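Notes follow the structure.
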Amino acid sequence: MTSVQMSATDEMVEGFLDHASRGDLVRVSDMICYSSKLLNESGKQGWTALMLAARNGHFDLVKALLSKGCNKDLKNKSGQTAHDIAKFWGHKHIADLLVGDGKIRDILPSTGVTEHENYFSREYLSRMSDKRTDSGWLSAKQSSPETVFLLFHNLDPLVTSGPEHMNNSQAKLKLCRLKRDSVGVLLKKSDIVVVFLGVEKQECSSLSSVSKEEDGLIAWFALNVEENPSEILKIEDSHSFFLQGPMPTLLMLNEDEGGIIAQARSVLAWHSRYSFCPTCGGKTKVAEGGYKRTCLTEGCKSLLGIHSTCYPRVDPVVIMLVIHPDGNQCLLGRKKTFPPGMFSCLAGFIEPGETIENAVRREVMEESGVTVGPVRYVSCQPWPMPSSLMIGCISVAVSTDIKVDKDEIEEARWFTRQQVIDAIVKSSKAVLTMPPRQAIAHYLVKHWTCLNSNL
Ligand SMILES: NC(=O)C1=CN([C@@H]2O[C@H](COP(=O)(O)OP(=O)(O)OC[C@H]3O[C@@H](n4cnc5c(N)ncnc54)[C@H](O)[C@@H]3O)[C@@H](O)[C@H]2O)C=CC1
Ligand SMILES: [Mg+2]
Ligand SMILES: [Mg+2]
Ligand SMILES: [Mg+2]
Ligand SMILES: [Zn+2]
């Protein structure tokens, strides 16, 4: 190659990287059509087009480069991949895209939002809903020595703080995984509701347990008792106790157990609140592994077709971070019951016949007097107090004057990006405190500030 050819190639690479750096999708795509080798070319300090697009937050360009087959594992001269760069500069949605295989996600049109796992969201068990109607299988599992039972007293779970349970876990508490022998007396009682939660996913079953079970499935059940059962039960763990709460104590478990609690507590709470048929007031019987209550009154309307009152309820709630029209402040409020200094996102129940977007606009107007324009879904979180689904959104205000609804909110204020970052990192300069990391309100604020998730 002559020096003239060399410089022509260098010039083309330099131009290509310059377009990538500025996020010029059209020019970058044209140049790749002309020479696909450009995809993995690097310039100064070993930066590729993908790295430059990741550095500057050009999500669509990153997606296009991945779809053309560029190598996302290349490193620059500082040893950073495009993923490291996106993470460092706070482009979480790009970092998420780069960490995956880029294939499945590409089928969906980009919204810039990737799925985020919140506390209470993890599916540790496989629900196996088809087994709920298999009464033979359910009763065989209830008699199996391998089966795990979780016990609740008035919806407070039995947990242990014993040191022998704390290996490899940062959580200070762990759910007591009782065996049949410990809860046998309760299972014989006719008024005890036993809810089938699911089976351990294959990868979390230990091999020794698998060999002892005919179908290799370790089932989990949950039961709730109203009288304190400590006297009649055989519980050997002297460190066990019923965790009084629900808040903030339920946030002290690990992520796996948070997910189990979200399911178990919500279904048990439904049983404790719906003792009688909501349609006719008659007696009901528990069916389908605790996922249904069937009315015993002949002719009750709830027996015709599928009747929603027979199944566990979920209440949808919108929770939203409202961004100031200047893009640099967000609206947070405090309820009278919050600890001093704490502010959170506004939230409210979705009403019948209402969309998520309209519920966001109505609740923000009711609680703060601020008018909201566009609304985008970000992430959701089961909230088992008793059974909400928090639907997390980000939205933009089109008015900024605040007039709070004093019945619900004590104060609402615009906070700057820096102020909420200080609160999240618990800086000594912080002028407010935020809900803990387990609450979706915390994630919404973090999402907005594009902070890296390891903060
Ligand atoms: N995970 C998180 O980060 C947060 C969760 N939350 C949860 O969001 C939920 C809703 O927020 P709020 O501001 O209280 O709602 P809200 O703003 O709609 O006001 C609550 C009032 O709405 C009425 N209401 C309407 N439908 C209701 C239903 N299905 N259940 C109970 N009350 C209903 C009641 O009068 C109640 O006092 C609460 O349960 C709260 O625990 C709230 C803030 C943060
Ligand atoms: Mg509210
Ligand atoms: Mg409200
Ligand atoms: Mg409301
Ligand atoms: Zn009925």
Side-chain angles (χ1 to χ4, degrees), residues 116-122 155 245-253 255 258-259 261-262 265-266 269-270 272-274 278 308-309 311-322 330-339 341-372 375 377-395 402-413 415 420 423-424 432-449:
H116 174 78
E117 184 189 75
N118 294 297
Y119 190 75
F120 288 131
S121 305
R122 186 169 294 176
L155 304 177
M247 279 292 278
T249 47
L250 282 189
L251 306 182
M252 293 166 78
L253 300 166
E255 302 285 327
I261 282 287
R265 190 176 194 280
S266 295
W270 175 66
S272 73
R273 286 163 187 235
Y274 288 74
S308 62
T309 61
Y311 297 95
R313 312 305 320 135
V314 178
D315 292 314
V317 174
V318 283
I319 176 159
M320 46 276 169
L321 188 66
V322 182
C330 67
L331 181 67
L332 300 175
R334 47 174 284 111
K335 288 189 175 189
K336 292 176 199 126
T337 51
F338 283 3
M342 189 176 107
F343 284 77
S344 183
C345 296
L346 302 180
F349 290 95
I350 297 185
E351 295 193 351
E354 192 172 45
T355 64
I356 292 172
E357 290 83 354
N358 285 336
V360 167
R361 287 186 271 264
R362 177 185 52 74
E363 283 287 349
V364 174
M365 173 52 77
E366 283 174 8
E367 296 184 4
S368 69
V370 169
T371 309
V372 163
V375 177
Y377 169 79
V378 174
S379 179
C380 68
Q381 175 180 45
W383 195 247
M385 276 74 79
S387 190
S388 296
L389 177 67
M390 307 298 300
I391 302 170
C393 297
I394 195 153
S395 60
I402 295 173
K403 186 170 177 296
V404 292
D405 162 16
K406 286 280 180 189
D407 283 341
E408 196 187 334
I409 302 284
E410 189 177 73
E411 190 185 356
R413 269 162 64 185
F415 289 96
V420 293
I424 285 179
L432 74 155
T433 59
M434 294 276 306
R437 66 169 177 81
Q438 294 92 334
I440 192 170
H442 185 106
Y443 174 69
L444 288 174
V445 172
K446 218 150 136 179
H447 173 79
W448 173 55
T449 56

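Because the structure is a prediction, the values reported are computed rather than measured. Order of appearance sets the numbers: ligands from 1, and atoms from 1 within every ligand.
At a threshold of 4.0 Å, the pair Glu408-Lys336 does not count as salt-bridged, since none of the basic side-chain nitrogens sits closer than that to a carboxylate oxygen. Residues Glu255 and Arg437 are paired through a salt bridge, judged by an N-O separation under 4.0 Å between the basic side chain and the carboxylate. Under 4.0 Å is where a charged nitrogen must lie from a carboxylate oxygen, and between Glu410 and Arg334 at least one such pair does.
For Glu408, the N, O or S atom closest to the Mg ion (ligand 2) goes by the atom name OE2. Per residue Glu367, closest N, O or S atom to the Mg ion (ligand 3): atom name OE2. Looking at Glu363 and the Mg ion (ligand 3) together, the shortest N, O or S contact belongs to OE1.
The ligand atoms of ligand 1 that sit less than 4.0 angstrom from a heavy atom of Asp315 are 29 (N). Which parts of ligand 1 touch Gln381 is read off a 4.0 Å heavy-atom cut-off, strictly below it: atoms 1 (N). Listed by number with element, the atoms of ligand 1 under 4.0 angstrom from any heavy atom of Glu367 are 17 (O). Each of the following atoms of ligand 1 lies closer than 4.0 Å to a heavy atom of Met390: 1 (N), 4 (C), 5 (C), 6 (N), 7 (C), 8 (O).
Ligand 1 has a nitrogen or oxygen under 3.5 angstrom from a nitrogen or oxygen of Glu408. Any N or O atom pair closer than 3.5 Å counts here, and Val317 shares no such pair with ligand 1.
Here the shortest heavy-atom pairing between Ile424 and His442 reads CG2-NE2, 4.1 Å. For the residue pair His447 and Ile394, the shortest heavy atom distance occurs at CD2-CD1, 4.3 Å. Residue Val375 comes nearest to Val372 through the heavy atom pair CG2-CG1, 3.9 Å, listed as atom of the first residue, atom of the second, then distance. Val445 and Met434 make their closest contact through CG2-CE, 3.4 Å (heavy atoms, listed as atom of the first residue, atom of the second, distance). Smallest separation of non-hydrogen atoms from Ile356 and Cys393: CG2-SG, 3.7 Å.
When side chains are defined from C-beta on, Leu331 counts as touching Leu346, because their heavy atoms get closer than 4.5 Å.
In this structure, atom 5 (C) of ligand 1 has protein heavy atoms in its sub-4.0 angstrom surroundings. Within a 4.0 Å radius of atom 35 (O) of ligand 1, the protein contributes no heavy atom. Distance screen at 4.0 Å: atom 21 (C) of ligand 1 has no protein heavy-atom neighbour inside the cut-off.
Distances from the Mg ion (ligand 2) show that Ala347 has an N/O/S atom below 2.8 Å. Here Glu366 does not reach the Mg ion (ligand 3): none of its N/O/S atoms is less than 2.8 Å from the metal.
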Margin query: What verdict does the side-chain contact (heavy atoms from CB on, under 4.5 Å) test give for Ile391 and Ile319, after you've listed the backbone C-alpha separation in whole Å, the side-chain angles of each residue and the deciding distance to 0.1 Å?
Written below: CA-CA 6 Å; Ile391 302 170; Ile319 176 159; 6.0 Å; no

Checklist line | Working for side-chain contact (heavy atoms from CB on, under 4.5 Å), residues Met320 and Val364 | finding: CA-CA 8 Å; Met320 46 276 169; Val364 174; 3.7 Å; yes

Next item on the list: Verify side-chain contact (heavy atoms from CB on, under 4.5 Å) between Leu389 and Trp383, making sure each step is shown before the conclusion.
Entry: CA-CA 6 Å; Leu389 177 67; Trp383 195 247; over 6 Å; no

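Once rounded to the nearest 0.5 Å, the distance linking CD1 of Ile440 with NZ of Lys446 reads 13.0 Å.
Between Arg313, Lys335, Glu363, it is Lys335 that holds the heavy atom closest to atom 12 (P) of ligand 1.
Contacts between His442 and ligand 1, counted as non-hydrogen atom pairs separated by less than 4.0 Å, are absent for every part of the residue. At a 4.0 Å heavy-atom cut-off, ligand 1 touches Ile319 through the side chain alone.
In this structure, the protein non-hydrogen atom closest to atom 42 (C) of ligand 1 is Ala347 CB, 3.8 Å. The closest protein non-hydrogen atom to atom 40 (C) of ligand 1 is Trp383 NE1, 4.3 Å. Of the protein's non-hydrogen atoms, the one nearest atom 32 (N) of ligand 1 is Phe349 CE1, 3.3 Å. For atom 15 (O) of ligand 1, the closest heavy atom belonging to the protein is Gly348 CA, 3.3 Å.
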